[in-house]
2 protein chains.
Amino acid sequence: MAHSLDHVFAALADPTRRAILMMLLEDDMAVTDVAEPFDMSLAAISKHLSILGRAGLISQEKRGRVKWCKLEPDALRDATVWMQGFGQFDPVNLDAFEAFLEQELKS
Amino acid sequence: MAHSLDHVFAALADPTRRAILMMLLEDDMAVTDVAEPFDMSLAAISKHLSILGRAGLISQEKRGRVKWCKLEPDALRDATVWMQGFGQFDPVNLDAFEAFLEQELKS
DNA sequence: TGATTACTTAACCGAAAGGTTGACGAAACC
DNA sequence: GGTTTCGTCAACCTTTCGGTTAAGTAATCA
């Protein structure tokens with residue numbers, strides 16, 4: 001159990017951070033590129049990324065002057081297990097997630 | 001989509017609130033009984049319960065002078081779907097959850 | 001009726017969250 | 001070497017969080 005549920009859930013509670021995670025689902029990204037779609041300073045994004053890092057949800061590797069952000073979905077495992085203890089839900093519906101994702105990125 | 005992921009994840013980020021949810025897994029409880037194991041005022045627990053209620057994770061029904069708290073696990077569904085969009089995890093391991101729960105309640 | 005029980009609300013407090021701007025360091029470009 | 005780019009850090013500000021105590025309301029008990 002690498003990272004506490006406290007940190008993971010707290011990281012997921014912010015819409016900006018959830019959006020960042022969804023962006024990283026596509027591919028690894030540099031910090032500046034992560035920041036681009038948001039109406040927010042680079043420093044703010046940098047803070048969000050460090051919170052995601054503390055929760056273990058992403059890792060960061062610096063190559064040259066560019067710092068690359070990589071999704072680490074395994075950090076979600078403990079949280080998922082915890083939540084599923086409360087009942088069985090439908091089998092994963094990826095279509096629903098895709099739709100939700102599209103909706104979210106649009107707003 | 002009844003309750004926002006913001007509220008659900010924020011509610012889950014606090015260990016006291018997660019412990020309350022686990023207690024309610026056993027059975028419905030009155031507010032005073034929920035508060036009993038915690039080293040915290042009743043007012044504090046009342047606030048935690050209202051946060052859980054706002055997230056849709058519990059419902060409360062007043063019968064006489066007693067207010068009963070009931071787990072509403074369906075509120076976790078959207079959050080679970082969201083998280084599972086990041087990858088398939090092992091099938092639910094209830095035994096692991098039970099062990100974790102026991103550990104948690106002991107500490 | 002009077003006292004007690006069950007709970008919420010209000011006011012307050014310190015600490016943390018989420019944002020800003022400005023200065024800085026390190027790598028890359030010309 | 002000078003300048004630009006990438007990113008963090010420090011200081012600050014406002015709002016929210018998580019707790020407290022004190023007071024208030026509503027139902028029950030004796």
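Chain A is the first sequence line, chain B the second, and so forth, proteins listed ahead of strands; every chain is numbered from 1.
A straight line from CZ of A/Arg63 to C1' of C/dA26 spans 17 Å, rounded to a whole angstrom. Protein atom CZ of A/Phe38 is 10 Å distant from nucleotide atom P of C/dG19, rounded to whole Å. Spacing between atom CD of B/Glu61 and atom C1' of D/dA26 amounts to 17 Å, rounded to whole angstrom units. Straight-line distance from the NZ atom of A/Lys62 to the C1' atom of D/dC6: 8 Å, rounded to whole Å. Between A/Leu49 atom CG and D/dC6 atom C1' there is a gap of 13 Å when expressed in whole angstrom units. Residue A/Trp68 contributes atom CH2, which lies 17 Å from atom P of D/dT5 at whole-angstrom precision.
Side-chain atoms of B/Ser46 never come within 3.5 Å of backbone atoms of B/Leu42 as a donor-acceptor pair (strictly under, hydrogens ignored). Formation of a donor-acceptor pair under 3.5 Å by the A/Arg17 side chain with backbone atoms of A/Ala10 is found in this model.
Of the candidate nucleotides D/dT8, D/dG7, C/dT8, C/dT8 has the atom lying nearest to any side-chain atom of B/Val31. Comparing C/dC7, D/dG7, D/dT8 by their nearest atom to the side chain of B/Lys67 picks out C/dC7.
Atom CG of A/Leu76 is separated from atom CE of A/Met83 by 10.0 Å, given to the nearest 0.5 angstrom.
When all heavy atoms of A/Leu21 and B/Trp82 are compared, the closest pair comes out as CD1-CH2, 4.0 Å. Residues A/Ala11 and A/Leu57 share a closest heavy-atom pair of CB-CD1, 3.8 Å. Nearest heavy-atom pair, B/Ser59 versus B/Glu72, reported as atom, atom and distance to 0.1 Å: OG-OE2, 2.7 Å. Across all non-hydrogen atoms, the minimal contact from B/Met23 to B/Val34 is CE-O, 3.5 Å.
Residues passing the side-chain contact (heavy atoms from CB on, under 4.5 Å) test with A/Thr16 are A/Asp14, A/Ile20, A/Phe38, A/Met40, A/Ile45, A/His48, sequence neighbours excluded.
No side-chain heavy atom of A/Val8 sits less than 4.5 Å from a side-chain heavy atom of B/Leu12.
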Between protein and nucleotides 14-21 of chain D, what N or O pairs are separated by less than 3.5 Å?
| from | atom 1 | to | atom 2 | distance (Å) |
| --- | --- | --- | --- | --- |
| D/dG18 | OP1 | B/Arg17 | NH2 | 3.4 |
| D/dG18 | OP2 | B/Arg17 | NH1 | 3.1 |
| D/dG19 | OP2 | B/His48 | NE2 | 2.2 |
| D/dG19 | N7 | B/Lys47 | NZ | 3.1 |
| D/dG19 | O6 | B/Lys47 | NZ | 2.3 |
| D/dT20 | OP2 | B/Ser41 | N | 2.9 |
| D/dT20 | OP2 | B/Ser41 | OG | 2.7 |

Are there any protein N/O atoms within less than 3.5 Å of an N/O atom in nucleotides 2-5 of chain C, and if so, which ones and at what distance?
| from | atom 1 | to | atom 2 | distance (Å) |
| --- | --- | --- | --- | --- |
| C/dT5 | O4' | B/Arg65 | NH1 | 3.3 |
| C/dT5 | O2 | B/Arg65 | NH1 | 2.9 |

